[in-house]
Amino acid sequence: MNKYGEIRKDELTVPLLGMATPGSEVLIQTFWDRLVILNGQHQLIREVPRPYTGRNVDIPWSQVCAGWLKKPRSVTHSQFLRMLPEILQGYVTVKDLTERKDRLQAMSHWCDIYTIEQIQEVIALLGQDTPITRITAVLGVKYGSRDLPVTWEETLSPPGTRVEGSLQRYDQLVGVS
């Protein structure tokens with residue numbers, strides 16, 4: 001594994017950032033349709049399809065961004081940069097290294113929650129110079145989870161008074177017939 005946490009086999013580069021320590025040795029089991037990557041203790045790290053099968057390798061963008069965050073100058077040399085949409089390439093290669101670190105930190109977080117396409121769409125809409133907090137807010141509003149319960153459980157009434165559709169128990173409590 002190289003110092004960027006990647007391995008190469010059959011013209012395929014496989015990112016292992018966050019799954020194995022960069023520079024460590026890994027074992028590759030080669031099958032006709034897939035590569036199985038194991039650590040030194042023969043534990044599964046990752047399984048990826050062979051290039052000629054036509055299946056795509058999912059890139060763990062959150063881990064790629066986290067790896068770039070450790071070495072922000074390496075972003076421009078990483079082959080993963082070319083795999084990002086142009087808008088995001090420009091976003092993570094900003095000249096100011098402090099700003100680049102902030103953006104990589106945000107990208108790492110966003111990639112855990114949103115797809116690359118969603119992030120690209122919001123940055124294209126708002127512009128690359130938009131503050132990270134605003135991009136985060138728009139991502140949350142536009143693509144955030146809206147799993148609201150269908151009914152709310154009423155918890156304010158005293159026990160014994162929560163009868164649906166009838167106020168008879170309230171009448172008894174206040175002494176009204």
Using only atom types and a distance under 3.5 Å, with no angle test, would you say the side chain of Gln128 pairs donor to acceptor with the backbone of Ile123? no
Should Ile7 and Leu38 be regarded as members of a common hydrophobic cluster, given that ILVMFWY residues are connected when their side-chain heavy atoms come within less than 4.5 Å of each other, either directly or indirectly? no
Is Arg46 reaching over with its side chain to a backbone N or O of Val36, donor-acceptor style, under 3.5 angstrom? no
Would Ser74 and Trp68 count as a side-chain hydrogen bond (donor to acceptor under 3.5 Å, both in side chains) here? Give the steps. CA-CA 6 Å; Ser74 73; Trp68 286 342; 4.9 Å; no
So does Val14 get a backbone contact from the side chain of Glu6, meaning a donor-acceptor N/O pair under 3.5 Å? no
May I ask you to decide if Pro60's main-chain N or O and Gln63's side chain share a donor-acceptor pair within less than 3.5 Å? no
Nearest 0.5 Å, what's the OG1-NZ distance between Thr93 and Lys95? 7.0 Å
Minimum heavy-atom separation for Gln89 and Arg82, please, with both atom names. NE2-O, 3.6 Å
Say whether, by atom type as modelled, one donor and one acceptor occur between the side chain of Ser108 and the main chain of Leu104 under 3.5 angstrom. no
Ile45-Ile28 co-clustered via ILVMFWY side chain contacts under 4.5 Å: yes
Measure the CD1-CE distance between Ile132 and Met107 for me, rounded to the nearest 0.5 Å. 10.5 Å
Gln105: side-chain hydrogen bond (donor to acceptor under 3.5 Å, both in side chains) partners, not counting sequence neighbours: none
If you draw the axis of the six-membered ring of Phe31, does the NZ or CZ of Arg50 fall within 45° of it and under 6.0 Å from the ring centre? no
Non-hydrogen side-chain atoms of Val92 and Cys65 separated by less than 4.5 Å: no
Any non-hydrogen side-chain atom of Phe80 less than 4.5 Å from a side-chain atom of Thr13? yes
Summary of side-chain hydrogen bond (donor to acceptor under 3.5 Å, both in side chains) pairs that have at least one residue in residues 26-41, sequence neighbours excluded: Arg34-Glu47, Asn39-Gln43
Cluster overlap Leu126 with Tyr91, hydrophobic side-chain contacts below 4.5 Å: yes
Decide whether Val94 and Leu81 are clustered together by the hydrophobic rule: side chain heavy atoms of Ile, Leu, Val, Met, Phe, Trp, Tyr closer than 4.5 Å, transitively. no
Evaluate whether atom CG of Asp96 has more than 12 neighbouring non-hydrogen atoms of other residues, nucleotides or ligands under 6.0 angstrom away. yes
Would you find a donor on one side and an acceptor on the other, under 3.5 Å apart, between the side chain of Thr21 and the backbone of Ser24? no
Looking only at non-hydrogen atoms, find the nearest pair between Lys101 and Pro72 and report the distance. CE-CG, 3.6 Å
Does a side-chain heavy-atom distance below 4.5 Å link Pro85 with Leu88? yes
Exercise: identify the closest heavy-atom pair between Met1 and Pro22: SD-CA, 3.8 Å
So, taking the atom named CG in Leu139 and the one named CZ in Arg134, what distance separates them when rounded to the nearest 0.5 Å? 12.0 Å
Residue list, side-chain hydrogen bond (donor to acceptor under 3.5 Å, both in side chains) with Glu121, at least two apart or on another chain: Lys142, Tyr143
Linked, directly or transitively: Leu44 and Val26 (ILVMFWY side chains, under 4.5 Å): no
pair Leu84-Trp61: side-chain heavy atoms closer than 4.5 Å: yes
